[in-house]
K.L.:
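The structure follows.
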Amino acid sequence: MAIVVQKYGGTSVGTTDRIKAVAERVIKRKKAGDEVVVVVSAMGKATDHLINMAKEISPNPNKRELDMLLATGEQVSIALLSMAFQQYGFDSISLTGLQAGIKTTGVHTKNTITDIDIDTVKSYLDAGKIVVVAGFQGVNENGDITTLGRGGSDTTAVALAAKLNCICEIYTDVDGIYSVDPRVYPLAKKIENISYEEMMEMASLGAGVMETRAVEIGCKYNIPIYVALSSEEKRGTYIKEYDETMEEKAITGLTINDDILMVTINNVLHKSKNVSIIFNKLANHHINIDMISQTAPLHDYVNVSFTANLEDEQAIDEVTRELTDEMPGIEICKDSNVAKVSVVGIGMKKQSGVAGTVFNIFSDNEIEFKQVTTSEISISYTIDSRDTNKAALVLAKGLNL
Ligand code: ADP
Ligand code: ASP
Ligand code: MG
């Protein structure tokens, strides 16, 4: 008998009928002889509704209390799914993150899993039960309930699979990983097999289909991740170690992230100490910085720009206030009308000329970019958000994605 971890996302458990359908699908697997651990997200947009409620109480809710609130979303879906199994005559138990032994560390709403005390899950599996675990949550060193950041149920699932040393299947509302988000570019091609490295890069650059940390854990423990449609049996995509069967194109995928903002600090006195003050303050506020650029010094002054996640806007405003007090001559501009478009491909390690091709496509289509950064397997451009759809379309066509 093999163990399998299956994860069903928010849309897939969005209504009680869908929860029953998920139960039926899991039961088929159980009948085929597998032991199943099911990880579920909160129903539909439940997490968004909880966040909105918190914001109605306070514009900047206490993060510990926010975690306490957000974790309730998944508690609803695990209980309902477990009831469905029992209604169909199958033995099942629902477990919160704490009950499943999921230990986390870090700051509230952005925790990472440090370990899983897997004995509880194993003992219920040994007793023949279908084990239903709440995604996205755990418990920290102080015994407080924590959450793992948006999309964190993927991480719960892969981390459990790593501990159980089994495959992880992610069932969602799309039938696999595509070269471009099919909602943005319906002609995008489905990828049969993708390497951890490429998927990690795509996820971190904005492909919301998988959470980055989940792919990282899969890569670290060599756990194959299968992404497929929850509502139909249809071949999906395997995320696994790179091998020769994977198509070696220079570019595998294109991602768009419009949940970013770009901050420019003008008139910074050209001293490395000043730049270090800026970025230390951002780090102290747990703000994740993405692209950084600095102009060449002009009359001893430079302009420094960086991009960050829109969700950190409040913390950025706080840093901005502190910086203006400390460096009176500076001027800070914040622009949320920007998006990051990136092209990703492991083939870029060997093939040159990708940046040039993209520059040509941008210039032929009169798309201006504000920043460019590269990694070994990706190139990212910050552009005006009004050009996002056009950029996605012309790049996808031009690069045959
Ligand atoms: P779940 O609630 O199941 O976790 P998500 O909304 O997090 O689902 O992820 C699925 C969505 O990811 C799809 O509906 C799709 O629009 C989006 N997506 C973004 N990039 C891609 C991509 N490259 N391939 C497939 N889907 C993508
Ligand atoms: N419910 C959480 C969210 O909406 C976690 C998840 O769905 O993975 O972000
Ligand atoms: Mg998701």
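Every number for a ligand or one of its atoms is a count from 1 in the order of the listing. We number each residue from 1, following the sequence as shown.
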K.L.:
Can you tell which of Glu211, Lys7, Arg213 makes a side chain to side chain donor-acceptor pair (under 3.5 Å) with Thr155?
P.N.:
Glu211
K.L.:
Report the distance from atom CG of Asn52 to atom NZ of Lys45, rounding to the nearest 0.5 Å.
P.N.:
11.5 Å
K.L.:
Write out the residue and atom name of the closest protein heavy atom to atom 20 (N) of ligand 1, then the distance separating them to 0.1 Å.
P.N.:
Asp181 CB, 3.4 Å
K.L.:
With nothing but distance in play, are any N or O atoms of Asp173 less than 3.5 Å from an N or O of ligand 1?
P.N.:
yes
K.L.:
Tell me which protein heavy atom sits closest to atom 4 (O) of ligand 1, plus the residue, atom name and distance to 0.1 Å.
P.N.:
Lys7 NZ, 3.0 Å
K.L.:
Is the closest heavy atom of Ser41 to ligand 1 under 4.0 Å?
P.N.:
no
K.L.:
Numbering the atoms of ligand 2 from 1, which are under 4.0 Å from a heavy atom of Arg150?
P.N.:
3 (C), 4 (O), 9 (O)
K.L.:
In plain terms, say whether Lys30 and Glu35 are close enough for a salt bridge, that is, a side-chain N and a carboxylate O under 4.0 Å apart.
P.N.:
no
K.L.:
Please report whether ligand 2 has a polar contact with Glu74, defined as an N or O pair separated by less than 3.5 Å (distance criterion only).
P.N.:
yes
K.L.:
Near Ile177, which atoms of ligand 1 are under 4.0 Å from a heavy atom of that residue?
P.N.:
24 (N)
K.L.:
Is any side-chain heavy atom of Tyr196 closer than 4.5 Å to a side-chain heavy atom of Tyr242?
P.N.:
no
K.L.:
Got an N/O contact under 3.5 Å between Arg183 and ligand 1?
P.N.:
yes
K.L.:
Using heavy-atom distances, let me know which of Ala214, Ala134, Ser153 sits nearest atom 8 (O) of ligand 2.
P.N.:
Ser153
K.L.:
Determine, using ring centers only, whether Phe359 and Phe369 are less than 6.0 Å apart.
P.N.:
yes
K.L.:
Any N or O on Thr172 sitting closer than 3.5 Å to an N or O of ligand 1?
P.N.:
yes
K.L.:
What I want to know is whether Phe136 and ligand 2 share at least one N or O pair that is separated by under 3.5 angstrom.
P.N.:
no
K.L.:
Is there a nitrogen or oxygen of Pro182 sitting under 3.5 Å from a nitrogen or oxygen of ligand 1?
P.N.:
no
K.L.:
Who's the nearest protein heavy-atom neighbour of atom 7 (O) of ligand 2, and how far?
P.N.:
Ser41 OG, 3.1 Å
K.L.:
Indicate the atoms forming the closest heavy-atom contact of Met291 with Ser380, along with that distance.
P.N.:
CE-CB, 3.3 Å
K.L.:
Given Ala207, Gly176, Gly206, which one has a non-hydrogen atom that is nearest to atom 25 (C) of ligand 1?
P.N.:
Gly176
K.L.:
For Tyr178, take its heavy atoms, then give the atoms of ligand 1 lying under 4.0 Å from any of them.
P.N.:
22 (C), 23 (N), 24 (N), 25 (C)
K.L.:
Applying the side-chain contact (heavy atoms from CB on, under 4.5 Å) test to Thr146, which of Thr112, Val107, Asp67 qualifies?
P.N.:
Asp67
K.L.:
Is Asp243 paired with Lys240 through a side-chain N to carboxylate O contact shorter than 4.0 Å?
P.N.:
yes
